[in-house]
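Everything below concerns the one structure shown next.
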Amino acid sequence: MAEEKTFPMTLEGKRQLEEELEDLKTNKRAEIIKRIKIARSFGDLSENSEYESAKDEQSFVESRIKEIDNMLNHAEIIDNDNVDSNEVSVGKTVTFEEDGEEPETYQIVGAAEADPFNGKISNESPIAKGLVGHKKGEKVTINTPGGEMQVRIVDVK
């Protein structure tokens, strides 16, 4: 039997998913049901774009609910208590720099809470994979789809 995939996440990430799930179940579902009822009242459903749009959104919301339920049921909360404070691991924030470039700072999180535009990268990303397990001050070679990067770890929090 195949092993269930776990979803590493921070407590904050888990809390955010729980809030999103609650909103989808209590608010979004009700909104969509209301939209479907209104669209049905327009008559012929075969050419009713409002009805089709609401049904598409309903399908998306129900899929997202299942996805979040699965992630929460298989969540693995990140615990860094036994990890050296200078070692990069999931849940920590790392600052690194390439030679001659400005330092970059990211929090390494589970894929479920990754948001690169807000400084959160997935532990499954090439950069995170290259950094995890290394310590502050180390030079690291990271293999990315665009080629190798040589970086120095400036700080780990």
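The structure displayed is predicted, hence computed values, not measured ones.
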Minimum-distance pair of heavy atoms, taken over all atoms of [X] and [Y]:
X: Val88; Y: Ile108; result: CG1-CD1, 3.4 Å
X: Asn86; Y: Lys92; result: N-NZ, 4.5 Å
X: Gly130; Y: His134; result: O-CD2, 3.1 Å
X: Tyr106; Y: Pro116; result: CE2-O, 4.4 Å
X: Ser122; Y: Ala128; result: O-CB, 3.2 Å
X: Pro103; Y: Thr95; result: CB-CG2, 3.8 Å

Quick one: does [X]'s side chain get under 4.5 Å of [Y]'s, heavy atoms only?
X: Glu50; Y: Ile38; answer: no
X: Gln150; Y: Asp99; answer: no
X: Glu104; Y: Val151; answer: no
X: Leu24; Y: Arg29; answer: no
X: Glu19; Y: Glu22; answer: no
X: Asp69; Y: Lys25; answer: yes

Atom pair [atom1] ([X]) and [atom2] ([Y]), whose distance is rounded to the nearest 0.5 Å:
X: Glu57; Y: Arg64; atom1: CD; atom2: CZ; value: 14.0 Å
X: Asn27; Y: Ile32; atom1: CG; atom2: CD1; value: 11.0 Å
X: Glu98; Y: Met149; atom1: CD; atom2: CE; value: 4.0 Å
X: Ser59; Y: Glu62; atom1: OG; atom2: CD; value: 8.5 Å
X: Asn123; Y: Leu131; atom1: CG; atom2: CG; value: 12.0 Å
X: Ile77; Y: Phe7; atom1: CD1; atom2: CZ; value: 12.5 Å

field: Glu31/Arg35 salt bridge by N-O under 4.0 Å criterion
entry: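 Judged by the 4.0 Å cut-off on N to carboxylate O distance, Arg35 and Glu31 do not form a salt bridge.
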
message: Once salt bridge (Lys or Arg N to Asp or Glu O under 4.0 Å) is applied, what residue pairs with a partner in residues 134-157 remain, sequence neighbours excluded?
response: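 Only Asp84-Lys135, Glu97-Arg152, Lys136-Asp155, Asp155-Lys157 qualify under salt bridge (Lys or Arg N to Asp or Glu O under 4.0 Å).
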
message: Can you confirm whether Leu11 is buried at CG, in the sense that more than 12 heavy atoms of other residues, nucleotides or ligands lie under 6.0 Å from that atom?
response: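 Open.
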
- request: Look at atom CG of Asn73 and say whether more than 12 heavy atoms of other residues, nucleotides or ligands are closer to it than 6.0 Å.
  value: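 Yes, CG of Asn73 has more than 12 neighbouring heavy atoms, counting only those of other groups under 6.0 Å.
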
Is it true that [X] and [Y] fall in one hydrophobic cluster, defined by side-chain heavy atoms closer than 4.5 Å?
X: Met9; Y: Val90; value: no
X: Val109; Y: Leu17; value: no
X: Val140; Y: Val154; value: no
X: Ile78; Y: Met71; value: no
X: Leu21; Y: Ile33; value: no

task: Let me see the working for Lys55 and Glu52 under salt bridge (charged side-chain N to carboxylate O under 4.0 Å, His left out), right down to the final yes or no.
output: CA-CA 5 Å; Lys55 291 298 280 183; Glu52 287 300 319; over 6 Å; no

query: Going by distance alone, is a donor N or O of one side chain under 3.5 Å from an acceptor N or O of the other, for Glu12 and Gln16?
result: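 Judged by distance alone, the side chains do pair up.
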
